[in-house]
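First up is the structure itself, then whatever we jot down about it.
If you're wondering where the values come from, they're calculated on a predicted model, not measured in any experiment.
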Amino acid sequence: YLFFLQTMLLTAGRLSKVLQLTLAVIKDAVAHPLMLEALHQRILDNNFVIVRCKDLVWRRQDSERFYAEHSGRFFFQRLVEFMSSGPMRAYILAREDAIRHWRELMGPTKVFRARYTSPASIRIFKLIFLFITSLDSVESAQREISFFFPDFCVEEWMEKDEPLFRSGQIHFDHQKQIHTLSAQS
């Protein structure tokens, strides 16, 4: 199964070309290295910059805390069990208009529909995708990124690194599987 959690960050007062940050979480494909590699490559092929990437396993308490706002909903227990059932990979992705491009890459929710209407989407991996977004505010988007990446400071990245990433002063580190700033001469 794959699970994608997506959020976006926009900064007020910036040019429209400012990179948006998106959190993507791939669930269970981590156990299938070839599939995970193919998904990772698809992200790169679609011009996303991988700002951060890490593999992790949640305890039940982590899932319950993250999804606390849904605790009364019918799907809560199943979601908590699913998210704490094994490994996942979390990404912070950046791209101009990242949300629209990420949604296009994901394709329609229904796998059978994706095969016909969006054959280039990642849904064609014939897996069940769960997609949840909570874009009600910049604060909630920052909360979700900080939940998965507690050492990542969104404000600092947007202030210091985003202009450098946007101007192309980056390279892909194959060992770390992320984009990093190029060494300054």
Side-chain angles (χ1 to χ4, degrees), residues 1-9 20-71 73-95 98-99 101-111 114 118 120-135 140-154 157 172-180:
Y1 295 94
L2 291 180
F3 173 83
F4 290 98
L5 172 70
Q6 175 185 46
T7 61
M8 139 183 108
L9 296 173
Q20 296 174 345
L21 294 177
T22 298
L23 176 68
V25 180
I26 299 175
K27 178 73 175 112
D28 285 354
V30 177
H32 305 282
L34 292 176
M35 186 181 309
L36 186 60
E37 184 180 329
L39 287 167
H40 190 90
Q41 189 59 48
R42 192 71 67 90
I43 289 169
L44 293 172
D45 291 345
N46 281 271
N47 300 315
F48 285 95
V49 174
I50 300 174
V51 177
R52 296 286 186 279
C53 173
K54 74 175 180 178
D55 295 337
L56 65 153
V57 177
W58 270 0
R59 297 167 295 149
R60 182 175 181 80
Q61 300 90 319
D62 298 324
S63 297
E64 288 172 342
R65 195 166 46 125
F66 187 78
Y67 293 109
E69 66 187 85
H70 301 296
S71 63
R73 309 286 301 265
F74 71 93
F75 57 83
F76 177 74
Q77 287 303 323
R78 197 171 59 202
L79 181 59
V80 165
E81 289 171 19
F82 175 69
M83 290 303 292
S84 57
S85 68
M88 63 180 114
R89 176 167 290 174
Y91 291 96
I92 299 176
L93 303 176
R95 181 177 172 171
I99 294 298
H101 290 291
W102 186 245
R103 286 185 174 161
E104 287 173 8
L105 181 59
M106 287 191 325
T109 305
K110 303 289 185 190
V111 176
S118 302
S121 74
I122 56 179
R123 302 259 190 223
I124 62 164
F125 283 90
K126 299 180 182 178
L127 299 170
I128 296 172
F129 289 71
L130 299 175
F131 173 67
I132 298 173
T133 184
S134 59
L135 290 177
S140 67
Q142 290 176 337
R143 178 188 63 83
E144 291 179 1
I145 286 176
S146 69
F147 198 92
F148 282 89
F149 295 91
D151 297 332
F152 182 79
C153 180
V154 172
W157 189 88
F172 187 73
D173 182 325
H174 291 278
Q175 186 175 354
K176 293 180 181 177
Q177 295 289 297
I178 63 170
H179 290 90
T180 59

Requested in this report: Could you walk me through whether Leu39 and Tyr91 pass the side chain to side chain contact (heavy atoms under 4.5 Å, CB included) test, one step at a time?
Outcome: CA-CA 12 Å; Leu39 287 167; Tyr91 291 96; 5.9 Å; no
Requested in this report: Given side chain to side chain contact (heavy atoms under 4.5 Å, CB included), test Phe152 with Val51 step by step and report yes or no.
Outcome: CA-CA 10 Å; Phe152 182 79; Val51 177; 3.8 Å; yes
Query - Stepwise side chain to side chain contact (heavy atoms under 4.5 Å, CB included) check, Val80 with Phe76 - result: CA-CA 6 Å; Val80 165; Phe76 177 74; 3.6 Å; yes
Query raised in the report: What residues form a side chain to side chain contact (heavy atoms under 4.5 Å, CB included) with Asn46, not counting sequence neighbours?
Result: Arg42, Phe48, Arg95, Leu105
Query raised in the report: What distance separates Ile92 CD1 from Ile145 CD1, expressed to the nearest 0.5 Å?
Result: 5.0 Å
**Report entry** Where Ala94 and Trp157 come nearest, the two heavy atoms and their spacing
**Finding:** CB-CH2, 4.1 Å
Report task. Might you point out which heavy atoms bring Ser63 and Met83 nearest each other, and give the distance in Å? Result -> OG-CB, 3.4 Å
Query raised in the report: What class does the angle between the rings of Tyr67 and Trp58 fall in, given that below 30° is parallel, 30 to 60° is tilted and above 60° is perpendicular?
Result: perpendicular
**Report entry** Atom CZ of Arg78: over 12 foreign heavy atoms under 6.0 Å
**Finding:** no
Query raised in the report: Does Lys54 count as lying over the ring of Phe148, i.e. NZ or CZ under 6.0 Å from the six-ring centre, within 45 degrees of the axis?
Result: no
Report summary line: Value for NE2 (His70) from CD (Gln77), rounded to nearest 0.5 Å, stands at 13.5 Å
Query raised in the report: With a cut-off of 6.0 Å (strictly less than), are more than 12 heavy atoms of other residues, nucleotides or ligands near CD of Glu104?
Result: yes
Query - Set of side chain to side chain contact (heavy atoms under 4.5 Å, CB included) partners for Phe172, sequence neighbours left out - result: His40, Leu44, Ile50, His174, Gln177, His179
Query - Gap between atom SG of Cys53 and atom CG of Leu93 - 0.5 Å precision - result: 9.0 Å
Query raised in the report: Taking only residues two or more places apart in sequence or in another chain, which ones pass side chain to side chain donor-acceptor pair (under 3.5 Å) with Asp173?
Result: none
